[in-house]
Amino acid sequence: MKEMFEGLNKAQINAVRTTEGPVMAIAGAGSGKTRVLTRRMAHLIFNLGVPRQSILAITFTNKAAEEMKMRVGSLLNVSTRDMWVSTFHSMCARILREHIERLGYNQNFQIIDDDDATQLIKLILRRLNIDVKLVKPRMLKSLVMNVKGDLDAIDAYEEPIQTYLRNVVPEYQRHLKANNLVDFEDLLVLTIELLEQHKTVREYYQNQFQYILVDEFQDTNNLQYRLIRLLVGKHQNVFIVGDEDQSIYAFRGANIENIQRFQQDFTNVKPILLEQNYRSTNNILNAANGVIKSNKTRIDKTLFSTRGDGDKVTFFKAYTYRDEAAYVAETIKEYARKTDIDFSDIAVLYRANSTSRTFEESFIHKNIPYQIVGNTAFFRRKEIKDVVAYLRLTLNPHDDYSFSRVVNEPRRGIGAKTIDRLMLHAEREQQSLFDAVDDEDTPLGKTATNRLRAFKQLIRTLSENLKTLDLGDFLEFLLAETGYKEALKFDDMGEVRLENVLELKSMFVEQKRAVADSDNTVLLTAVLQDIALQSQEDERHDKNAVTLMTLHAAKGLEYKVVFIVALEQGLFPLHRALDSAKDMEEERRLMYVGMTRAMDKLFLTNARQRRLFGQMMMNPDSQFLREIDPTLLSVEGLNKPTFHTPSRQAFPKHAMLDTNDEQENAIQKGDKVRHKAFGKGLVVSVDGDQAVIVFDQPHGIKTLLKNHRAIEKV
DNA sequence: AGGCAAGGGGTTTTT
DNA sequence: CCCCTTGCCT
């Protein structure tokens with residue numbers, strides 16, 4: 001149909017119509033790639049008669065997948081419910097749910113999240129008598145994830161890490177498999193294993209997926225790349241969309257080189273370049289282009305927009321971090337008052353989650369509705385994780401991980417010692433904790449054994465009731481029977497927590513509507529899978545509120561007005577990236593991603609002083625600010641050239657007043673000081689609240705509390 | 001068993 | 001500043 005190409009430019013139409021063979025679309029920020037992807041799918045289905053289930057589209061988040069399905073659905077007026085539009089992880093879970101028994105796992109496998117994986121690693125480290133102070137479980141966990149798909153990679157690590165990995169990886173995998181658990185990485189690794197080892201399964205999917213589309217290709221990791229290669233059958237109809245300038249997930253194994261690899265591994269790759277930006281005004285775009293240009297390892301491309309120049313990019317430097325937050329809040333209020341921009345058109349982006357707090361406080365203070373994406377993700381809350389553990393235990397009583405999580409939650413007088421002993425015993429006897437409880441020769445006292453048996457009986461009761469009750473009722477039953485609900489009454493946050501837990505009910509209802517199967521086990525497994533694979537973005541609600549989130553979470557989104565805050569060297573870019581060219585380039589791409597989220601107006605802000613890790617810090621401006629052509633900037637606040645003439649002060653005074661200046665004359669490196677006892681001195685360095693000061697002889701070098709009243713700046 | 005306080009250590013991004 | 005561990009006390 002004609003309207004399939006309506007409103008598309010030449011390059012976009014080309015991207016939609018070039019359906020056969022490998023195609024690589026390089027799509028700059030805001031170049032309408034989502035549009036291209038949805039139109040391409042619609043074109044395949046509607047114009048070319050491709051069955052809906054023959055298309056596999058990979059997106060970066062579940063939310064993006066849902067949106068894509070919805071758009072295709074409304075374009076064609078068909079149901080897209082069972083289309084294969086999903087993230088890599090969801091796709092893998094769907095495939096594994098079908099075939100995982102070939103790999104020796106049970107069909108009802110559960111997916112554990114990162115926190116759980118870290119905990120498990122920690123437990124294993126303890127078992128192996130490795131000091132968790134020497135190896136951080138978190139750190140080791142990410143290494144384990146890195147080598148999982150390719151055990152030979154362990155050789156490349158130095159000692160003692162190599163030995164740790166050699167010992168921990170097999171143990172960790174054994175634990176997961178024994179408990180019928182898979183982690184995020186397993187979803188990919190096991191699917192690859194399945195497809196590589198089972199020709200019939202591989203050919204089945206290769207035949208099914210006649211057309212494969214992959215979004216955000218620059219952020220695929222090596223396993224995901226391998227998966228794509230396995231799935232692309234003889235037809236070679238694979239369409240990738242990416243932009244190396246927006247690759248921001250290297251820490252998670254994303255490999256930009258996959259873009260080059262793609263061109264080598266597939267023959268006759270047709271390149272398509274989408275350079276017209278439909279999102280931002282030229283001032284914003286040029287500012288962003290200026291920043292990204294400093295990256296050496298990239299192919300130069302220049303986005304252009306026909307949206308006009310628009311406003312200049314505003315850079316505001318505040319005195320303190322609170323001033324900065326007050327400025328942002330004030331500015332937002334002004335927008336809301338003077339323009340037709342809604343709160344939901346505005347986003348505040350930062351490098352690290354911890355930055356959000358100050359802004360949150362300021363928004364509360366100024367009555368600005370806001371929502372924070374990600375911070376304490378719903379599904380990572382304790383109460384949710386507890387109930388999920390109960391639900392998992394109900395489905396599989398031999399899930400030791402869930403068992404130990406809730407055996408004493410709420411308190412049942414089963415302490416750490418008891419659990420530890422039980423675990424060791426179970427380990428020796430090669431059985432689950434659930435089974436070990438009934439053993440005659442456990443090294444446990446009578447009281448402990450009785451309490452454990454009562455818990456075991458509780459799990460049995462839950463399992464039985466799951467068969468008969470409606471899922472919603474079952475949840476209520478569980479909360480009552482386990483005593484969890486009762487315990488919440490004594491919790492300060494109990495009411496909210498109970499509400500959170502009961503939200504699961506609506507997920508049950510939804511799942512029931514989506515899945516024809518009414519078997520509770522199947523439904524519950526599906527809900528638990530959704531919970532495990534839910535991403536931060538997926539939980540965004542679209543109420544009329546300013547959105548606060550990390551730059552990473554902003555990927556793929558756009559807002560009329562965007563603030564990028566805390567632009568200080570050391571914070572963004574992060575100090576740990578400063579001495580690595582590679583990391584710096586990734587930071588810069590992150591900045592680029594952030595800037596290109598803005599449609600109409602971009603604010604860049606920072607503060608001279610910031611409270612960080614409990615200390616006052618003074619950091620210079622982020623170097624990214626210097627990488628922007630000054631003619632595109634409108635400078636306000638402390639750096640404003642005319643700042644000292646109050647009449648021309650662009651920013652409301654109250655933004656500056658609404659703060660407590662904690663130390664107007666904080667001592668810095670290079671300052672000359674006078675000490676009551678030691679006389680004149682020169683500050684050579686400042687570390688937290690301490691300063692190293694060189695005094696005249698005979699006193700010499702001293703480290704002193706910099707704010708002490710004995711010291712004064714001269 | 002469990003609660004509480006003190007102390008130490010680390011601070012990024014997340015499917 | 002916050003999280004986790006540890007050790008002491010009940």
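Each chain gets a letter, A, B and so on, in the order its sequence line appears, and its residues count up from 1.
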Could you tell me the separation between the [atom1] atom of [X] and the [atom2] atom of [N], rounded to a whole number of Å?
X       : N       : atom1 : atom2 : answer
D183(A) : dT15(B) : CG    : C1'   : 11 Å
Y350(A) : dT12(B) : OH    : C1'   : 13 Å
K382(A) : dC4(C)  : NZ    : P     : 13 Å
R451(A) : dA1(B)  : CZ    : P     : 8 Å
E216(A) : dT13(B) : CD    : P     : 19 Å
I112(A) : dT14(B) : CD1   : C1'   : 15 Å
Q246(A) : dT13(B) : CD    : C1'   : 16 Å
L612(A) : dT11(B) : CG    : P     : 14 Å

For this session: Pick base, sugar-phosphate or nothing for R138(A), based on heavy-atom distances below 4.0 Å to the nucleic acid.
Result: base
Exercise. Reckon S90(A) touches a base, only the sugar-phosphate, or nothing at all at heavy-atom distances under 4.0 Å?
Worked result: nothing
Just N and O in the side chain of [X]: are any of them under 4.0 Å from OP1 or OP2 of [N]?
X       : N       : value
N353(A) : dT13(B) : yes
K122(A) : dT5(C)  : yes
R126(A) : dT5(C)  : yes
S354(A) : dC1(C)  : no

Seminar exercise, completed: Which of R392(A), R497(A), R405(A) passes salt bridge (Lys or Arg N to Asp or Glu O under 4.0 Å) with D386(A)? Answer is R405(A)
Exercise. Residues from residues 565-586 of chain A sitting under 4.0 Å of DNA chain B, heavy atoms only?
Worked result: L574(A), R576(A)
For this session: Name every residue in residues 404-412 of chain A that has at least one heavy atom under 4.0 Å from any atom of DNA chain B, in order of residue number, or write none if there are no such residues.
Result: N408(A), R411(A)
Problem set entry | First of R351(A) and G415(A) reached from the 5' end of DNA chain B, by closest nucleotide | G415(A)
Exercise. Mapping K141(A) and K136(A) onto DNA chain B by nearest heavy atom, which one lands closer to the 5' end?
Worked result: K136(A)
Between [X] (side chain only) and [Y] (backbone N and O only), is there a donor and an acceptor less than 3.5 Å apart?
X       : Y       : value
Q569(A) : Q623(A) : yes
N500(A) : I384(A) : no
S247(A) : E244(A) : no
D583(A) : A577(A) : no
R589(A) : I248(A) : no
D183(A) : D186(A) : yes
R97(A)  : F109(A) : yes

For this session: Could you work out the separation of dC4(C) and dT13(B) based on their P atoms and round it to a whole Å?
Result: 15 Å
Seminar exercise, completed: Testing dA1(B), dT13(B), dC1(C) for proximity to the side chain of R357(A), the answer is dC1(C)
Problem set entry | Test: D116(A) and K385(A) ion pair at under 4.0 Å | yes
Exercise. Can F251(A) be called stacked on dT13(B) when the rule is centres closer than 5.5 Å and an angle between planes below 30°?
Worked result: yes
Problem set entry | Aromatic contact, F455(A) with F403(A) (centres under 6.0 Å) | yes
